[in-house]
Amino acid sequence: MSLAGVSCLVTGAGGFLGQRIVRLLLEEEKELAEIRTLDKTFSYEARRNFTNFKGQTVVKILEGDIRDATFLNSACQGVSLVIHTASIIDTLGLVEKQLLWEVNVTGTQLLLDACVRSNVQHFIYTSTIEVIGPNYRGDPICNGDEDTAYKSTSGFPYAQSKRLAETSVLKANGQVLKDGGIFLTCALRSMYIFGEESPFLQNHLDKSLLNKNVYLRISRKEALVNPVYVGNIAWAHIQVAKALRNPEKAKHIKGHFYYISDDTPHMSYADLNYELSKELGFGIEPHPPMPLMMLYYFALLLEIVSFLLRPFVKYIPSTNRHLVILLNTQFTFSYRKAWRDFGYVPRYKWQEAKQRTSQWIASVIPQRREYLKNKAA
Ligand SMILES: NC(=O)c1ccc[n+]([C@@H]2O[C@H](COP(=O)([O-])OP(=O)(O)OC[C@H]3O[C@@H](n4cnc5c(N)ncnc54)[C@H](O)[C@@H]3O)[C@@H](O)[C@H]2O)c1
């Protein structure tokens, strides 16, 4: 089954994952009728790449806000597939909770409403493992799957907003469209995503450049996770979009969520940073700055200080309890259900994903050094 003749809307298409999904769609689905790329802003490069596309698919750029219902109504007109990646990611609490809610929760609901009004048939939501955890106790999961029971207690706003949005998406499945058709939805719970252009990798790289090319040990060695390469999570979106067009496969997929990982070896977040850069001469600190328990209470102390200062000044600590637990809890998931239900297999092997990402890191080092030098001056 291909996406021939389909008109597709990708939200967040100017972002790290969204751009990769659009690129892969254009490369792999040459008979796609149209891709509408929606984002609040597009970088110069993203805009140039989309507008210079020479294939048969029509590529349109829609710059606007996911909170704008009128804009969403016109963006969805004539579209049969929506891939919704637009979101605010906030692991530190930098963004006001209200804005996070408006974009991640209300924005998703407005988009679902626009889809039903415009007879969009298929909706794929980019969710995250953070909707399940880790919980505040740091209970580990090893090779979990969609049936793994887990007491999710994280009250961190980003995780909560993604959980609520995912619930609305899955609840919307089966709604009757204006033309009498049935709306089919699903969600892909992505692991942490690495790859070329990753803003998180760039941030860790900057910190290591400031630390004499040594990565900070932000997580314990034993806190194994299984990040996913950006090309593979993008590929999973395309695989599930195709499968939703097949009524036999759609029967299993509709209204469900799937964990998407790949064959990246299980390692801690800190060790992933190191693994991707060690051949470029980078090192990593051997130990975390303090024992885990102490780190947790240090983060709590910083949160208390931030709370007490709130009436006078906005102080966002560089860490918090949620982040300490997230970075230090074993949390790995298998993609076997995605394989079983829609034939997802990673498109890029670990060695290739690693090589592509390392090459990108090598290519940005000179400009990052320059940027950091100017910032310090
Ligand atoms: N990066 C990860 O490690 C990771 C892991 C799991 C899940 N996810 C999910 O994947 C999706 C994409 O993440 P990403 O890493 O590409 O992040 P990103 O920040 O690069 O992309 C998100 C895009 O959404 C857009 N956006 C934000 N607010 C908007 C608004 N009001 N209106 C329109 N567009 C708006 C941003 O401009 C941005 O381009 C998100 O839904 C995120 O929750 C990411």
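Just so you know, ligand 1 is whichever comes first in the structure, and atom 1 is the first atom listed for that ligand.
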> Which parts of the protein, at residue level, reach under 4.0 Å of ligand 1 through a heavy atom?
Replying inline: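 Within the 4.0 Å shell of ligand 1, which is judged on heavy atoms, sit G12, G14, G15, F16, L17, D39, K40, G64, D65, I66, T85, A86, S87, I89, V103, T126, S127, T128, Y158, K162, S190, M191, Y192, I193, F200.
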
With distance as the sole criterion, is a donor-acceptor pair present between the side chains of [X] and [Y] under 3.5 Å?
{"X": "D113", "Y": "Q109", "result": "yes"}
{"X": "Y150", "Y": "N135", "result": "yes"}
{"X": "K242", "Y": "N246", "result": "no"}

> How are the rings of Y259 and F333 set relative to one another: parallel (under 30°), tilted (30 to 60°) or perpendicular (over 60°)?
Replying inline: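 Geometry flag for F333 against Y259: parallel rings.
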
>> Quick check: do F200 and Y269 have side-chain heavy atoms less than 4.5 Å from each other?
In response: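 Result no, sub-4.5 Å side-chain heavy-atom pair not found.
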
>> Which residues pass the side-chain contact (heavy atoms from CB on, under 4.5 Å) test with I61, not counting sequence neighbours?
In response: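 T37, F42, R47, F50, T51.
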
